[in-house]
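See below for the structure under consideration.
Small disclaimer: the values here were computed from a predicted structure and weren't measured. Lettering of chains follows the sequences in order, A, B, ..., and the numbering in each one begins at 1.
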Amino acid sequence: MRWWSEIRVRMRALLGRDTMEQELEDEVAFHLEREAEKLEAEGLEPREARRLARVRFGGVDRHKEAAREAWGVRTVMELGADIRFALRQLRSRPGFSAVAALTLALGIGGTVALGSAAHGVLVKPLPVPAEDELRVFWSAYNWRGVEFDHVKERTPVFQEVAAWSNEGYSMRRDPGSPSSLISATVGSAELFEVLGTEPLLGRTFQPGDDRPGAEPVVVLAHGLWTRAFGADRGVVGERILLDGTPTTVVGVMPEGFYFPDPAFEAFVPLELDPEDGGYQGNGWLVLTGRLRDGAGPDDVAAGVDAITRALGERFTYPEQWDKTRNAHLVPLREYLVGDSRAPLLLLVGASALLLLLASANVAALLLTRSGDRTREMAVRAALGAGRGRLARQLLTESVVLSLVGGGLGVLLAVGFFRLLVDGLPLAPALRDTLGLETGALLAGLGGAAVLGGLVSLAPVRDLLSGGPSGLGTRGGTAAGGPGSSRVQRALVFAEAAFAVVLVSGAALLVRSVDELRGIDPGLDPRGVLAVDVYLGPGETEAPEREAFFDEVLLEARALPGVESAGLINRVPVRDGGYQGPIGIQDRPELTDTNRPNVAFRTVSPGALEALDVAWVEGRSFDDGDRAGSLPVALVNETMARSLWPGKSALGRRIQATLAPGWFEVVGVVADVAVHDLVSPTPMAAYYPRAQTEASAAGGFLLVETEGDPTALAEPLRRLVGTTDARAAVGRVETMDQVLDAAMSDNLRLRFFLLLFAGVGLALGVVGIYGVVSYAVARRRAEFGLRMALGAEPSRLLAQVVRVGMLPVAGGVVAGVAGAALASRFLREVLFGVAPTDPAAYLTAALILLLTGLLAALVPAVRAARTDPVGALRAE
Amino acid sequence: MVVPKPDSDMIRGTLDMLILKVLSLEPMHGWGISERIQQVSDGALQVNQGSLYGSLHRLTRQGWIASEWGRTENNRRARYYRLTPAGERQLGVETTHWDRLSGAVERVLGLT
């Protein structure tokens, strides 16, 4: 039971220290009393007896100390003293401590926060049971209802398959309340069976909900339920208005549940009407299925083959968009957050690199300091401190420093987490689901402690490698142990290498953003505001909606400062939109699947003018292009060039993807980006809204002004509300915001990498400066001597600079090599620039060499100006 | 230059053994232990009274002795130490060890 008594004594000593101290006191007092009594009995005076008793006991306090040591708490008590001493040391060098702790704090805080965010997006379970069984079956052209039915009936790998898409609705709780626009997931009746999540209240979809003519129902997400219905449990069974249609709320989902992402706050049954265009025409659905029990990767692959083969047999796909060849079956997580993966991992990697850099820097600083403290160490060794004791002191100091840094880092992570997450290249709705995880914070503190131990290795080794006599005699020359300068050079080498990786990454992103900015979107975003206007079709007649939009447009044009205004069915660059095959009258050989795949745009007069789209030939639309007048169209340059190369497009007659009849081409406009900035612009045709979608429920109002377009947002909202109280205004964005959003991932990554690179460079400079200064200080006497003997100051200068620059140059070479190896992680996020772009690496290398040179020059100049007399006298 | 620390283990170990031996007779407080050792050895063994307590506390931690507060014959509060079963075994080990050591020393000294 030895261990037991050991533990008991130690625990008592630690927890009941006061009692134990008191007992020891009593015990010793008792002893002294008895001894004095004995001496008195032998005939001594009481006073003399007490004195002699103490003398015989010999150093009461020393023996109490020995007894305490026997308790086994000396180490712990010394640790307390060490920590207090370490804190005092840190306070006595506020500059050094602040630099070291702050660099560690940045590294640790950044890594903790980014790691936590990456974990939240990439690892934290999705809000559905057994998410690894869920697969998304998607095609770039999406599925049609008829294809969904076909897949559903032939599904060897899935227990169940559901189809879904996303739509916007205007929502009002009752006819008197104001409308708001919400985004909803529309899904087939099987959706919740596939997802497997139970509702918080009421029910989810049930079979038949998706049949044509079924009673309209909606399931609310927790967020919408809380926000718009005050978390009222009585809302289940209530009828609300969705797009003006009375719709029964049948259920509420639990908190945290979302599908496919948190921006979609309601779930509406998908109406699959075989008679409807959405069933037969263009694809708009994504399929999600739950794998059968025990389906392995091979079964899944075979299942996909079977499904695509069945699709290929049943449907004919044109060469250029063969869905059987670009269909993908991917895990749900990959489908939902796959795009965030590369940038997030990139940022976590960059911050970890920064942390390494900071650690190398702190290690170098500590080593320099331990050199300065040689005299102190020698004195303490002479006073009887064991080398182990001194090593422990150094370790404690460095761990305390790291923990201070780690604590600061955790505070930084907590304080700036929201700001950081808002800056991350993530879907906005996804950001709201992220929180700073306690585990990450604890890992940060633990990591800080470990780092503290690691960075103390060099000074401790330094201390242990020198004998005590060495400690003594070298005390005066401020020299470290023999290995310290080698270790320092290695640390500078490492710092330079890490910094080059960071700086070259930043340089690549800067170039990528430049490339993106260089893209001509085909429109002028300046002064343009895009406003999403919607009037629910469930409670309005077609002429009402037509009149409403006409009036909104007229009123908008009358607002002060407005230059032009128009309606468009999709905001360029941001919204993509319908694209489908159309007939071309003078190209009758293009039939069926060989017909050109053309983006469908409807515009009112003024829309293309607001965007300042360049005209190639022909005319624009005007108010004369109305229902009943000659159907007309504009085509983009790509379309004109590919269909009628070398000839004018004017006068040709074309069809429309989503409208019947033939339209005469009256103009050709420059290409305007459709889906995003980077994909090639597809063929696109513009049709007058009045001739195609006059009674559409929604449209984007494009308003161009001379001044600040955001100032128009409020007047436009008011204008829509007063024109029709049932109407809703959705997203309001300037075109500049739209374009920035299109390159936001690159902009955001660039921001972070520039930040990391800047901090990394600063750390590198501090490290190089510190090491060179140290070398100079150490050899001051030597320099003085050489100067006295007539050495050229310029030679001294060159020699000192070389001391600093050799490891930097080595580090730059190694860093460039490392960065080139790591650059494949950048491939996914870069645009228009190769991950191995030599210019970026050259820039990074030059920047580092130059800053390194500057950092080395300052102490080198000091060395060259050494006053020989002063330096020698100081020895 | 490292000044070698005198190997005090033997001395300390001897004191430990003597404490265990004294306590094997009856529970005793610190002062009593030192008195007993001096009496029995006719004053030949002078216990450094102060280092006694270091030993007592170390032996307690090792589980060889235990202590509790009791009353002396004069009704004064004192901490009494007693031998634990583990301490009894340890005393056996140390006694054997000592016998072997002192026997060896005697044989060396007995050389003629």
Side-chain angles (χ1 to χ4, degrees), chain A residues 1-13 19-39 41 52-74 381-382 384 386-387 467-473, chain B residues 1-5 8 11-12 15-16 19 28-39 43 46-90 93:
Chain A
M1 289 296 108
R2 192 178 145 176
W3 57 270
W4 171 237
S5 63
E6 175 118 22
I7 289 173
R8 219 172 39 194
V9 170
R10 280 177 190 244
M11 288 305 285
R12 265 198 80 201
T19 325
M20 271 187 88
E21 283 288 343
Q22 187 56 51
E23 284 182 1
L24 180 61
E25 189 81 27
D26 291 351
E27 194 171 23
V28 171
F30 170 77
H31 184 106
L32 293 175
E33 233 174 87
R34 286 301 302 264
E35 188 70 14
E37 275 172 22
K38 190 183 96 179
L39 292 170
L52 196 58
R54 291 188 79 86
V55 169
R56 282 198 180 170
F57 195 82
V60 174
D61 282 329
R62 189 158 60 86
H63 294 301
K64 278 189 191 166
E65 191 56 45
R68 281 189 206 113
E69 186 178 350
W71 301 343
V73 292
R74 207 182 73 160
R387 253 182 282 170
S469 60
L471 275 175
T473 55
Chain B
M1 197 183 73
V2 191
V3 180
K5 230 165 51 175
S8 56
I11 298 163
R12 193 202 276 160
L15 178 59
D16 287 358
I19 293 172
M28 186 74 73
H29 45 69
W31 184 77
I33 294 171
S34 78
E35 281 296 296
R36 177 65 59 87
I37 292 175
Q38 285 179 35
Q39 279 168 17
Q46 283 286 341
V47 176
N48 178 341
Q49 297 184 359
S51 56
L52 173 71
Y53 288 94
S55 285
L56 284 173
H57 287 252
R58 191 172 50 252
L59 291 172
T60 308
R61 203 180 96 201
Q62 282 165 334
W64 293 333
I65 61 176
S67 68
E68 56 206 328
W69 288 85
R71 295 274 162 189
T72 67
E73 53 275 28
N74 303 338
N75 202 23
R76 268 202 303 216
R77 233 169 69 84
R79 197 209 293 259
Y80 279 86
Y81 294 88
R82 62 178 166 78
L83 206 61
T84 63
E88 229 163 294
R89 277 195 301 279
Q90 183 63 21
V93 170

From CZ (B/Arg79) to CG (A/Leu24), nearest 0.5 Å: 7.5 Å
What's the verdict on side-chain contact (heavy atoms from CB on, under 4.5 Å) for A/His31 and B/Ser34, showing C-alpha distance, side-chain angles and the deciding distance? CA-CA 10 Å; A/His31 184 106; B/Ser34 78; 4.0 Å; yes
Check whether any side-chain heavy atom of B/Trp69 sits under 4.5 Å from a side-chain heavy atom of A/Glu23, and report yes or no. yes
Is it the side chain or the backbone of B/Thr84 that comes within 4.5 Å of chain A heavy atoms, both, or neither? neither
Are the side chains of B/Arg77 and A/Phe30 in touch, meaning some heavy atoms are under 4.5 Å apart? no
Does this structure show an ion pair linking A/Arg34 with B/Glu35, if we count only N-O contacts that are shorter than 4.0 Å? no
